[in-house]
There are 2 protein chains.
Amino acid sequence: MLEIAVLGLLNESPLHGYEIRKRLSNLLGAFRAFSYGSLYPTLRRLSEAGWITEESPLDGPAASATRSRRGKRVYKLTADGKEHLAELLADVGPDAFDEEGFGARLAFFAQTRSDIRLQILEGRRRRVEEQRDGMRSSLARTGQRLDRYTRELHEHGLESVDREVRWLTELIESERSSADNGAEA
Amino acid sequence: MLEIAVLGLLNESPLHGYEIRKRLSNLLGAFRAFSYGSLYPTLRRLSEAGWITEESPLDGPAASATRSRRGKRVYKLTADGKEHLAELLADVGPDAFDEEGFGARLAFFAQTRSDIRLQILEGRRRRVEEQRDGMRSSLARTGQRLDRYTRELHEHGLESVDREVRWLTELIESERSSADNGAEA
DNA sequence: TTCGTCATGTAATGGGTTACATGATTAC
DNA sequence: GTAATCATGTAACCCATTACATGACGAA
């Protein structure tokens with residue numbers, strides 16, 4: 001998941017690690033903040049895979065010997081990386097529909113083709129509907145036996161997924177109508 | 001987290017591993033289902049700590065030599081385990097207020113003292129309020145710059161935490177009024 | 001010159017999952 | 001007797017976090 005987030009960010013502009021982390025925190029909302037302990041190893045890995053390049057401003061033509069080997073390292077997406085990102089964003093496999101995968105894709109929807117956007121939104125909705133139906137029938141079956149608190153927890157959970165389904169439906173409808181406009185214009 | 005869930009379940013009745021997993025799945029809702037790969041090692045660990053006992057029905061007086069060493073293993077909470085569980089449920093440290101920790105405690109609220117319940121509910125509410133305020137101000141600051149999808153994601157997230165705050169407030173109020181009745185009765 | 005914040009990194013650990021392997025019991 | 005499901009268990013892996021260590025740089 002870090003992979004898609006990092007590549008997605010670098011597709012907008014080159015950045016260094018510290019900055020990536022800050023952007024990530026407010027892009028993915030307060031609800032997800034990766035630590036450096038996972039970020040830097042990921043950057044290393046992506047670099048080794050050839051998807052990003054790692055460039056120290058000090059490496060340039062006038063690299064002075066007095067400077068330490070440590071300093072800002074700026075990361076850029078390569079052509080291979082762009083391609084890889086496009087594949088990741090267009091992947092409509094099961095991972096795209098769980099909470100994390102969906103969130104990561106949605107955050108970069110602006111870079112995603114409209115028909116893929118629709119597939120992802122619909123897949124996510126299907127997934128959440130299944131979850132809702134499971135919760136609903138489990139509550140209907142065993143709801144009476146549950147103590148008050150557990151029942152409250154389940155009911156609140158059910159309402160939450162129900163809201164998510166409605167939200168997704170709105171997004172899907174607005175996506176469809178803008179796709180129509182785009183296609184027929 | 002598995003620890004508190006397992007001890008909490010065994011406080012109600014002795015159970016074997018397979019059954020624990022089933023109960024857990026519908027107790028914690030469809031949203032959390034531990035695998036055997038974590039459950040059995042946990043049972044082992046709790047047993048070694050002396051919090052539960054592990055008893056095979058075949059170990060009894062008439063243990064026949066023809067039976068294999070494998071079969072249902074029934075787990076029971078020990079006196080030490082009961083004590084330990086009470087400590088876990090009454091622990092109002094920071095862990096009690098995050099999503100997982102709060103969920104686990106709420107699921108066993110029926111076994112928790114009323115004043116502790118109130119502390120946990122209030123601590124959780126404080127935590128979620130902080131989250132909400134962070135999201136709200138971040139949305140106010142950078143909301144205009146965000147693309148439509150990212151903004152939708154943030155707004156939906158904000159509404160969700162907002163709903164959770166209101167839900168917690170209701171629980172707190174009903175907890176307070178039943179505490180009053182209980183104390184003055 | 002020292003303090004705060006920007007910036008990069010590593011080692012140990014954690015808390016789980018997946019995939020696999022096996023045995024016991026029940027229903028047909 | 002065989003298929004489904006109940007039941008227990010392990011090994012390899014994954015994806016992160018925490019705690020720690022270090023260094024660069026600007027402002028008071």
Side-chain angles (χ1 to χ4, degrees), chain A residues 1-7 9 14-25 28 31-49 52 54-59 63-75 88 93-95 98-101 103-104, chain B residues 1-7 9 14-25 28 31-49 52 54-59 63-75 88 93-95 98-101 103-104:
Chain A
M1 231 65 299
L2 242 183
E3 181 174 325
I4 192 166
V6 167
L7 296 176
L9 271 181
L15 293 170
H16 58 268
Y18 192 83
E19 182 72 19
I20 289 175
R21 198 208 179 215
K22 278 204 311 191
R23 303 253 184 136
L24 231 44
S25 302
L28 304 181
F31 75 99
R32 198 71 177 88
F34 295 94
S35 68
Y36 296 120
S38 55
L39 178 57
Y40 286 112
T42 296
L43 287 170
R44 177 72 50 97
R45 186 170 60 80
L46 297 180
S47 176
E48 277 163 8
I52 62 178
E54 185 179 340
E55 194 180 313
S56 164
L58 313 171
D59 290 344
S64 111
T66 58
R67 301 289 209 136
S68 121
R69 79 288 176 197
R70 203 127 167 212
K72 280 195 200 182
R73 307 189 76 75
V74 176
Y75 296 92
L88 290 175
D95 288 358
D98 59 34
E99 174 108 45
E100 285 247 310
Chain B
M1 232 63 299
L2 242 181
E3 180 173 325
I4 192 167
V6 166
L7 296 176
L9 272 181
L15 294 170
H16 56 269
Y18 191 86
E19 183 71 19
I20 289 174
R21 197 209 180 216
K22 279 203 310 190
R23 303 253 184 136
L24 232 44
S25 303
L28 303 180
F31 75 100
R32 197 73 178 85
F34 295 95
S35 68
Y36 296 119
S38 55
L39 178 58
Y40 286 111
T42 295
L43 287 169
R44 177 73 50 97
R45 186 170 60 78
L46 297 179
S47 176
E48 278 164 6
I52 62 178
E54 184 179 341
E55 194 180 314
S56 164
L58 313 173
D59 290 345
S64 110
T66 59
R67 300 288 208 140
S68 121
R69 80 286 176 197
R70 205 130 166 205
K72 281 196 202 182
R73 306 189 78 77
V74 177
Y75 297 91
L88 289 176
D95 288 359
D98 60 35
E99 174 106 48
E100 286 247 309

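By convention in this document, chain letters (A, B, ...) are assigned in the order of the sequence lines, proteins followed by strands, and residues within each chain are numbered from 1.
Salt bridge absent: Arg44(A) and Glu48(A) never bring a charged side-chain N and a carboxylate O closer than 4.0 Å.
For Tyr18(B), whose side chain is taken as the heavy atoms from C-beta onward, the closest listed nucleotide among dC6(D), dC6(C), dG9(C) is dC6(D). Relative to the side chain of His16(B), the nucleotides dA7(D), dG9(C), dG9(D) differ in distance, and dA7(D) lies closest. Comparing dG9(D), dG16(C), dG9(C) by their closest approach to the side chain of Tyr36(B) singles out dG9(D). Looking at the side chain of Ser38(A), the nearest of the listed nucleotides dC6(D), dA16(D), dT17(C) is dA16(D). Residue Arg44(B) has its side chain nearest to dT10(D) when only dT10(D), dA16(D), dT10(C) are considered.
Between the P atom of dG15(C) and the CG atom of Asp98(B) lies a distance of 12 Å, rounded to the nearest Å. One interatomic measurement links the two molecules: NZ of Lys72(B) to C1' of dG9(D), which rounds to 17 Å at whole-angstrom precision. Residue Glu19(B) contributes atom CD, which lies 17 Å from atom P of dT5(D) at whole-angstrom precision. For Glu54(B) and dA7(D), the CD to P distance is 16 Å, given to the nearest whole Å. dA7(D) atom P lies 14 Å from atom CG of Leu43(B), rounded to whole Å. For the pair Asp95(A) CG and dT17(C) C1', the computed distance is 13 Å after rounding to whole Å.
Side-chain contact between Leu2(A) and Leu24(A) is present, with heavy atoms from C-beta onward closer than 4.5 Å.
Among the atoms of the strands shown, base atoms are found under 4.0 Å from some heavy atom of Gly37(B). Here Phe34(B) lies in heavy-atom contact (under 4.0 Å) with sugar-phosphate atoms only.
For Ser47(B) (side chain) and Leu43(B) (main-chain N/O), no donor-acceptor pair under 3.5 Å exists by modelled atom type.
Note that Arg21(B) lies outside the cation-pi zone of Phe34(B), set by a 6.0 Å cut-off to the ring centre and a 45° limit from the axis.
For dT17(C), one of the phosphate oxygens OP1 or OP2 lies less than 4.0 angstrom from a side-chain nitrogen or oxygen of Ser35(B).
DNA chain D is contacted by both Pro41(B) and Lys22(B); Lys22(B) maps to the nucleotide lying nearer its 5′ end (nearest heavy atom per residue).
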